[in-house]
Chemist: 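The structure under discussion is supplied below as C-alpha cells; questions concerning it will follow.
Heavy atoms only: backbone and side chains are in, while hydrogens, waters and symmetry mates are out. Both ligands and their constituent atoms are indexed starting at 1 by order of listing.
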Amino acid sequence: MARPTFQALPGTRDLFSPDTDRMRELVSVFAEQAATAGFALVVPPMFEDVGVFRRLGEASDVVSKELYDFHDKGGRHIALRPEQTASVCRMFAENRPLVPWKAWYAGPNFRHDKPQKGRYRQFDQVGAEVIGSHDPDVDIELIALAARFYARIGLHRVRLMVNSLGDAADRPRYLSALRAHFEADLDALSEQSRATLLVNPLRVLDSKRPGDAALIEAAPVLLDYISDEAAAAFARVQAGLAALDVDFDVSPRLVRGLDYYTRTTFEFAADGLDAAQNAVGGGGRYDGLIADLGGGEEPGVGFALGVDRTLLACDAEEAFPAPSTGVQVWVIDTVGALDGLQIADEIRRAGVRCDRSFDGRSMKAQMKAADRSGATLAVIIGADEASNATASIRPLRGGGDQYQVPRADLLSALRATLGADADHGSAISSPTSTTTRETLES
Ligand code: HAM
C-alpha cells in the first residue's frame with residue numbers, strides 16, 4: 001500500500017540555510033539595537049484565550065476572518081497569536097512590571113490570510129513595546145529604533161508614513177462625519193465596504209478595492225478632528241523625527257489594520273516590493289488596550305516589523321547577504337581509530353566550524369565531501385600521520401601545498417592559515433567568523 005505523502009500547508013514554508021542564517025542574523029541585529037535602547041526580551045506564549053485578541057478589532061480582517069481559533073481539549077476557546085502586542089499587554093496586566101516597561105520580542109504569528117509572496121499564514125515579526133508613558137518622545141524613539149534598524153541592515157528604499165488618530169474621545173465626531181460622507185454615496189461603495197461601514201467606518205479607509213478609491217480620497221480627514229492635546233503630541237513627534245533626521249511623510253489616510261490605535265500611528269513601506277505587500281513594519285499608540293485587558297489606565301506604544309517581508313525587501317535591494325555559517329575545516333580520517341573524533345572535537349572547542357565524514361568512507365569519498373562542504377582546509381589523518389602523531393593540512397581553496405604538522409601544533413597552524421585567509425576577505429569574513437578568529441587568536 002502506498003504511503004501517504006505530505007506537503008507544507010498553504011501559507012507555511014520550509015526554511016533552509018542560508019535563508020535561516022539570514023533570518024537569525026536579522027533577529028540578532030534587532031536584539032542588539034533593542035538592547036542598546038534599553039529594551040529587554042520577552043517571550044509571550046504562542047496562544048492565548050481568544051478574548052485577548054478580540055480587542056484587535058471585530059471589524060478588522062485579523063479578527064473577523066484570519067484568526068486561528070479553536071476549542072482545546074479542556075474546552076477553552078483559544079487562538080494562535082496573530083500578533084504579539086495584545087499578548088505583551090496581557091503579560092503586563094498579569095505581572096505588573098515597573099513602568100515605563102520596555103519589552104522587545106521576536107517570533108512567529110498566525111493569520112489565515114490569502115497566501116501569496118510576502119503574505120503567509122505563519123510569519124515572523126520582531127517588535128518593541130513601551131508601556132506606561134504618555135510622552136511623545138517615546139513614540140519618536142520607537143520610530144527611530146525601527147528606522148535605524150532598517151539603515152543598519154542596509155535597507156534604504158523604505159518610506160516612513162506617520163499619522164495621528166487622536167484620542168478615543170475625538171473619534172465619535174469624526175466617525176459620524178465619515179459615516180455621513182460614505183452614506184451620501186452608498187451605491188459607489190463596494191459591497192464589502194458597505195458591510196464594514198456598519199461595523200467600523202474607519203476601517204473602510206483601509207479598503208484596497210479600486211472601486212472605493214475615489215470615495216476614500218474625498219473622505220474627511222481625521223487629523224482635522226483631533227483634540228488640541230493630541231495635535232500638540234503629534235507636532236512633537238514630527239519635530240522629534242526631524243531633529244533626529246528620520247525622514248517621514250504625514251499620511252492623513254493611514255489607519256492601519258488593527259482597531260486599538262490612538263494618537264501616533266506609523267508604517268514603513270518598502271519601494272522594492274509590490275504595493276499590496278509593501279508594508280514591512282508598522283505600529284503606533286494604543287492607549288486604551290491595556291485597560292481593556294485589565295491592566296489599568298496605562299498607555300502603550302510600539303511597533304512590529306515583518307521579518308519575512310523585510311528580507312524580501314532586502315533581496316530587491318541586494319542588501320543584507322546571508323552570513324557565512326558553513327564549516328571552515330573538514331577532518332578526513334582514513335584510519336578509523338579515534339583520531340578523527342578527537343581532532344574534530346578539539347577544533348570545535350577552539351570555536352572553529354568543523355565537520356567530518358562517517359561510515360568509514362574511502363579517502364576519495366571523504367575528499368569529495370570535504371570539497372562539497374565549502375571548507376577552507378582539510379585536516380587529514382592517514383596511516384602515516386596516525387603513526388607519527390602528526391596531521392596533514394590541505395588547502396581546499398585558493399591553491400597552496402599540503403603540509404604536515406605535529407598534532408600538538410595543529411590548532412596554531414589552523415589559526416595561522418584561517419587568519420591569513422580572513423585578512424584577504426575570503427572564507428571567514430562574516431561576523432560569525434570574526435568571533436572565530438578572535439577565539440583562534442586568543
Ligand atoms: P501589523 O501591521 O499587522 O502590525 O504587522 C506588522 C508587520 O508584520 C507588517 O508590516 C508586515 O510586514 C508583517 N505582516 C503582517 N501580516 C503578515 C503576513 N500575513 N505575512 C507576512 N508578513 C506579515 C502588528 O502586528 C502590530 N502588533 C504592530 C504594533 C506593535 N503596533 C503596536 N505595537
Chemist: Could you say whether the N/O atoms of A304 and ligand 1 ever approach to under 3.5 Å?
Modeler: no

Chemist: Quick one: which of G118, G306, A270 has a heavy atom closest to atom 21 (C) of ligand 1?
Modeler: G118

Chemist: Do R263 and F234 form a cation-pi contact, if we require the NZ or CZ to be under 6.0 Å from the six-membered ring centre and within 45 degrees of the ring's axis?
Modeler: no

Chemist: Tell me whether Y105 has any N or O atom under 3.5 angstrom from an N or O of ligand 1.
Modeler: no

Chemist: Among R256, E83, Q116, R81, which one puts a heavy atom closest to atom 4 (O) of ligand 1?
Modeler: R256

Chemist: Out of F268, Y286, Y261, who is nearest to atom 29 (C) of ligand 1 when you count heavy atoms only?
Modeler: Y261

Chemist: With a 4.5 Å heavy-atom cut-off, do L67 and V50 have their side chains touching?
Modeler: yes

Chemist: Is any side-chain N of the basic residue among D308 and R13 closer than 4.0 Å to the acidic one's carboxylate O?
Modeler: yes

Chemist: Under 3.5 Å between some N or O of ligand 1 and some N or O of E129?
Modeler: yes

Chemist: Do the charged groups of D124 and R309 touch, with an N to O distance under 4.0 Å?
Modeler: no

Chemist: Looking only at distances, can you tell me whether any N or O atom of D308, backbone or side chain, sits closer than 3.5 Å to an N or O atom of ligand 1?
Modeler: no

Chemist: May I ask you to identify, for L258, whether its side chain, its backbone, both or neither come under 4.0 Å of ligand 1 on a heavy-atom basis?
Modeler: side chain

Chemist: Considering non-hydrogen atoms of the protein only, which is the closest contact for atom 12 (O) of ligand 1, and what is the distance?
Modeler: A279 O, 2.9 Å

Chemist: What about Q84: any of its N or O atoms under 3.5 Å from an N or O on ligand 1?
Modeler: no

